[in-house]
Number of protein chains: 2
Amino acid sequence: MTSEELAACMNTHPVVVRRTMGLLREAGLVRSARGHAGGWRISADLGKVTLRQLHAILGEPAIFAIGNRNETPDCLVEQAVNAALDDAFTRAEAVLLERFADITLADLAADFARRMAARREGHPHA
Amino acid sequence: MTSEELAACMNTHPVVVRRTMGLLREAGLVRSARGHAGGWRISADLGKVTLRQLHAILGEPAIFAIGNRNETPDCLVEQAVNAALDDAFTRAEAVLLERFADITLADLAADFARRMAARREGHPHA
DNA sequence: TTTCATGTAACTTCAATTATTACATAAAAC
DNA sequence: GTTTTATGTAATAATTGAAGTTACATGAAA
């Protein structure tokens, strides 16, 4: 598929697609070709790519919207709050990333297939 | 303490302090007084206020920085992705909020006291 | 050599949070 | 009672980070 087609699918801009897909290409998950008949093609075994890997490949974006205002404050109150929150966030992050490590693109593809089949047999507007 | 003093402590603006403290007042955790000798005063048992409660009082702000682009997409691929992520996020959120429910302001105060003592006896620049 | 597609830098928009201004209200000090 | 000090709150401005867009270079096939 071309960046343009992908962008249309995702309601975004082709350049945004290229930016993100570029990271996937560096990681070897997809290949790209220029010119006629160019575009993007999967080059990985979907069963071996986990959401955990994708998160890493995409730069480990921050998981939590809440964060410390200051990582190394002099203020002892702030230090105590940070310590408590860091502990809580670390545990929650571990749970999330373990879960991510357990989900492969093949799993998502299988779920998609299930939904597609369900839509075909009588739930056209699911 | 006045909003002005609190704002100085937190490197923010007095009005921001009032906005947030106002929510705590509605919840009965603090009282405020106007005029001379006015300001904010704690009116709750620190041992009975948990971070979980504070999170609720402050409007349950979003915990995760990553979220679904669209909660109810027609696209079946997006539906499959959302389902997988929702499951992972729900688990992680549960862990975080359980942890929050286990931490009281008294715990934070105790940790602060520990740090204060440590600073006094030979770690002045901790 | 024209067309189509990616590669990438630079810039613009957008949305959400935070900060600020402005002014009303209330309580104590004088 | 009038001045000072403080909160209450609406309205606006500034800031920030992500997303979107433009512009142009590069490369491959028709």
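What's counted below: heavy atoms across the whole structure, side chains too, no hydrogens, waters or symmetry copies. So that the names make sense, note that chain A is the first sequence line, chain B the second, and so on, each numbered from 1. Just so it is clear, the structure is predicted and the values come from calculations on it, not from any experiment.
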Distance-only donor-acceptor pairs under 3.5 Å for side chains of residues 20-27 of chain B, two or more places apart:
{"unit_1": "T20(B)", "atom_1": "OG1", "unit_2": "V16(B)", "atom_2": "O", "d": "3.3"}
{"unit_1": "R25(B)", "atom_1": "NH1", "unit_2": "S32(B)", "atom_2": "OG", "d": "3.0"}

Under 3.5 Å, which donor-acceptor pairs do the side chains of residues 56-69 of chain B form with other protein atoms, sequence neighbours left out?
{"unit_1": "N68(B)", "atom_1": "ND2", "unit_2": "E71(B)", "atom_2": "OE1", "d": "3.4"}
{"unit_1": "N68(B)", "atom_1": "ND2", "unit_2": "D86(B)", "atom_2": "OD1", "d": "3.1"}

remark   = Sorted by chain and number, sequence neighbours left out, side chain to side chain contact (heavy atoms under 4.5 Å, CB included) with E4(A) holds for T2(A)

task = Mind listing the residues from residues 1-10 of chain B sitting with a heavy atom below 4.0 Å of DNA chain D? Number order is fine.
result = T2(B), S3(B)

Validation: residues 37-45 of chain A side-chain donor-acceptor distances under 3.5 Å, sequence neighbours left out:
{"unit_1": "W40(A)", "atom_1": "NE1", "unit_2": "S3(A)", "atom_2": "OG", "d": "2.8"}
{"unit_1": "S43(A)", "atom_1": "OG", "unit_2": "G28(A)", "atom_2": "O", "d": "3.1"}
{"unit_1": "D45(A)", "atom_1": "OD1", "unit_2": "G47(A)", "atom_2": "N", "d": "2.8"}

Which pairs, protein N/O on one side and nucleotides 8-16 of chain C N/O on the other, fall under 3.5 Å?
{"unit_1": "dA10(C)", "atom_1": "N6", "unit_2": "R19(A)", "atom_2": "NH1", "d": "3.3"}

message = Need two values: the first and the last nucleotide of DNA chain D, 5' to 3', having an atom under 4.0 Å from any heavy-atom of chain B.
response = dT4(D) to dG20(D)

remark   = By side chain to side chain contact (heavy atoms under 4.5 Å, CB included), A110(A) pairs with (sequence neighbours left out) R114(A)

message = Going by the rule side chain to side chain donor-acceptor pair (under 3.5 Å), which residues pair with D111(A) if we only count those two or more places apart in sequence or in a different chain?
response = R115(A)

ask   = Tell me, do N82(A) and T72(A) make a side-chain contact under 4.5 Å, heavy atoms counted?
value = no

Every protein N/O lying under 3.5 Å from an N/O of nucleotides 27-30 of chain C:
{"unit_1": "dA28(C)", "atom_1": "N3", "unit_2": "H36(B)", "atom_2": "ND1", "d": "3.3"}

For a quick test of your reading: what N or O donor-acceptor pairs under 3.5 Å do the side chains of residues 96-103 of chain B make, sequence neighbours left out?
{"unit_1": "R99(B)", "atom_1": "NE", "unit_2": "D87(A)", "atom_2": "OD2", "d": "2.9"}
{"unit_1": "R99(B)", "atom_1": "NH2", "unit_2": "D87(A)", "atom_2": "OD2", "d": "3.2"}

key: Residue-level proximity of residues 54-72 of chain A to DNA chain C when a heavy atom falls under 4.0 Å   = R69(A)

request  = Grab the CH2-P distance between W40(A) and dA5(C) for me, whole Å please.
outcome  = 14 Å

key: Heavy-atom check, side chain of L105(B) versus side chain of L54(B), under 4.5 Å   = yes

